[in-house]
Amino acid sequence: MSSETFGEITLERILARGNLMQALKKVEANKGSCGVDGMETSELRAYFKSNPGKLTEQILQGTFKPSPIRRVYIPKDNGEQRPLGIPTVIDRFVQQAIALVLSEEYEKIFVDHSYGFRPNRDCRQAVRRAMEHIREGYEWVIDIDLRKFFDTVNHDFLVQLLSRRIRDGRVISLIHKFLRAPISEEGKVGKANRLGCPQGGVISPVCANVVLHELDIKLREKNMRACRYADDAVIFCKSRKAAERALKWIKKFIESKLHLRVNEDKTKILKVGSPDVQFLGFSFTTKVSKAKKMKFPQYRYFPTVHVKKRKKLKESLRILLDRRARGGIDRIKRKLRLKLRGWANYFKKAVPISWVQDLDSWIRRRVRQLLWKQWKKPANRYRELKLRWNKAPNVEKFAYSSNRYWHIVTCRPLQTGLSNNVLESEGWYSLEKALRTASGT
DNA sequence: TGTGACGCAAC
RNA sequence: GUUGUUGCGUCACA
Ligand SMILES: Nc1ncnc2c1ncn2[C@H]1C[C@H](O)[C@@H](COP(=O)(O)OP(=O)(O)OP(=O)(O)O)O1
Ligand SMILES: [Mg+2]
């Protein structure tokens, strides 16, 4: 619990040998790409060892200057672009050292309903907490999202908050320097940054939590049923009226006190069962299988995989199982298994079985297409089919038929020769199997 | 029990 | 080409 008191955060503690070694390991393990200076993570250890005290001395003397941040854009799920800010590996190393200490201390004061970017906390716990509120009759939800969250964090306010807990001015100054690091885009270095924590900065997540901790405190003070993961906060109320009242002051608080911007489009008040409610990839539904209802008759709402996330998985499988897919069959098999395992492990019990069956038969259809294309020549097709289905009638005739894949895979010989069982025995994974192993049976 | 390689998810 | 935090999974080594 938060019974422990906030410890002293000093530069010496950040630069302690053990802390630096731990930070070094983490940067290396990430294997992230280089910053503006071109130094790779694989070169960091050698660099650090060759100049043992140089870096720490610079930091202690206050002469250390972070390098500019390399700007890279990556696509977001909604089609927009996400501006990353990639620090040099040296800066990531120093930031790691800071972040380890910051996180350790702030963990002691962060509130229980905050889940994002925090150790020993995951999405499932956040969703479980949300479900508890729903089951206690709080069926109206305020879904809050902040506009360009990291990029709009106010430096002065953040520094002010950090100063309340960190008495060592050198630490504050060092963090401030990292925040002000300029952006380098297409070789051009811009002016010192005045707004935001870089998406890609090591200390950014904990800084983000430090800012929204103020909101957490306020919500707890007012006895709100809240659940926050980064800038995605859901607050549960008993009525639409209550939700509207709450949203009014929350908005005001976020914008005027925290200097952040509420995303007007994505922020909304809805009944929890609405498909527009998405929290960490889940939505909440009353429409579940009879078996589930029988098992939990006392419950009404259940978490389920949000439709957008189902589509996202299917889309990525479509690319993986494309007829003109790159790489060999074995590689595709392995990737499919890995992907389904990982995915199933995250969503586990929230996946509706009827959808599992739909998806699995869709996967098998695409696998059949893939193999049919792979075998190419009729003679090959004959051989491969016969190999799998000895007692086949008409295999010969069928193997020499046309090339219209989608139509063909629905025909009997392929369905039998490449039946579900045959596909499974040849190592083709299914979501059903992934879910079975994920739930431990 | 601990370490490191790969991967999945959330943001 | 893709950074960061966090959680989990699989495999591997001692
Ligand atoms: N891949 C990532 N790498 C680094 N930081 C990330 C990544 N994804 C999300 N974040 C961090 C930075 C974001 O500001 C914050 C909230 O994510 P998100 O709401 O998706 O974007 P956003 O708040 O920046 O833009 P938007 O205005 O679209 O909501 O989480
Ligand atoms: Mg946002």
Side-chain angles (χ1 to χ4, degrees), chain A residues 22-23 25-36 41 69-78 81-89 91-93 95-96 98-100 102-103 106-107 110 114-128 130 144-146 148-151 178 181 183-184 196-210 212 227-234 266 278-282 303 305-306 308-309 312-313 316-317 320 331 334-348 350-351 429 431 434-435 437-440:
Chain A
Q22 206 181 326
K25 270 190 192 169
K26 290 203 78 176
V27 174
E28 285 177 327
N30 281 342
K31 295 194 186 307
S33 81
C34 66
V36 287
T41 53
I69 282 163
R70 188 162 65 92
R71 180 60 99 224
V72 170
Y73 294 91
I74 60 167
K76 287 201 264 189
D77 276 349
N78 61 14
Q81 298 248 297
R82 159 167 278 121
L84 297 181
I86 305 173
T88 62
V89 293
D91 291 354
R92 296 212 290 270
F93 172 44
Q95 284 194 40
Q96 274 289 356
I98 299 171
L100 287 170
L102 281 188
S103 180
Y106 274 99
E107 272 310 301
F110 283 160
S114 162
Y115 292 91
F117 310 136
R118 296 185 57 190
N120 307 314
R121 281 159 180 269
D122 61 31
C123 299
R124 201 166 304 118
Q125 290 173 310
V127 171
R128 198 177 304 144
I144 297 172
D145 188 89
L146 304 181
K148 302 198 182 317
F149 177 36
F150 277 31
D151 303 321
F178 274 117
I183 294 159
S184 162
C197 311
Q199 305 190 36
V202 184
I203 55 172
S204 298
V206 67
C207 287
N209 271 339
V210 167
L212 284 189
C227 197
R228 186 175 71 78
Y229 194 103
D231 73 334
D232 199 349
V234 281
K266 291 191 198 167
Q278 189 190 351
F279 185 54
L280 309 179
F282 296 86
V305 188
H306 194 275
K308 282 187 180 163
K309 300 299 171 183
K312 191 184 169 190
L313 174 66
S316 71
L317 292 178
L320 179 65
R331 220 177 63 91
R334 221 180 43 245
K335 285 203 85 177
L336 177 69
R337 192 188 52 212
L338 240 47
K339 182 174 270 287
L340 289 179
R341 274 234 182 112
W343 195 92
N345 192 258
Y346 179 73
F347 287 108
K348 280 203 179 118
V351 192
Y429 219 63
L431 182 55
L435 284 164
T437 49
S439 58

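Please read all numbers here as calculations on a predicted model, not as lab measurements. Just so we're on the same page: letters track the sequence lines, and every chain starts at 1.
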Counting only side-chain N and O atoms of [X], is one of them less than 4.0 Å from OP1 or OP2 of [N]?
{"X": "A:S204", "N": "C:G4", "result": "no"}
{"X": "A:R92", "N": "C:G4", "result": "yes"}
{"X": "A:N30", "N": "C:G4", "result": "yes"}

Atom pairs, protein N/O to nucleotides 9-11 of chain C N/O, distance under 3.5 Å:
| unit_1 | atom_1 | unit_2 | atom_2 | d |
| --- | --- | --- | --- | --- |
| C:G9 | O4' | A:N345 | OD1 | 3.4 |

With sequence neighbours left out, write down each residue that passes salt bridge (charged side-chain N to carboxylate O under 4.0 Å, His left out) with [X], or none if nothing qualifies.
{"X": "A:K309", "answer": "A:D77"}
{"X": "A:K31", "answer": "none"}
{"X": "A:R118", "answer": "A:E107"}
{"X": "A:R92", "answer": "none"}

Sugar-phosphate, base or nothing in reach of A:I74, heavy atoms under 4.0 Å: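 Base contact.
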
Sugar-phosphate, base or nothing in reach of A:R337, heavy atoms under 4.0 Å: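 Since no nucleic acid heavy atom lies under 4.0 Å of A:R337, the category is nothing.
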
Centroid separation A:F282 to A:F347 less than 6.0 Å: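 When the ring centroids of A:F282 and A:F347 are compared, they turn out to be within the sub-6.0 Å range.
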
Please list, chain by chain and in numerical order, all residues satisfying side-chain contact (heavy atoms from CB on, under 4.5 Å) with [X], sequence neighbours excluded.
{"X": "A:K348", "value": "A:R124, A:N345, A:A438"}
{"X": "A:N30", "value": "A:Q96"}
{"X": "A:A230", "value": "A:F117"}
{"X": "A:S204", "value": "A:F150, A:C197, A:P198"}

Intra- and interstrand pairs of RNA chain C - dot-bracket, Watson-Crick/G-U under 3.5 Å, | marks other strand: ...|||||||||||

Under 3.5 Å side-chain donor-acceptor pair for A:R121 and A:Y229: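 No, no side-chain donor-acceptor pair sits under 3.5 Å.
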
Along DNA chain B, first and last positions that approach a heavy atom of chain A under 4.0 Å: B:dG4 to B:dC11

Contacts of type side chain to side chain donor-acceptor pair (under 3.5 Å), residue A:R337, not counting sequence neighbours: none

Whichever of A:K26 and A:G85 has its nearest RNA chain C nucleotide further upstream toward 5':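 Per heavy-atom nearest nucleotide, the more 5' residue is A:G85.
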
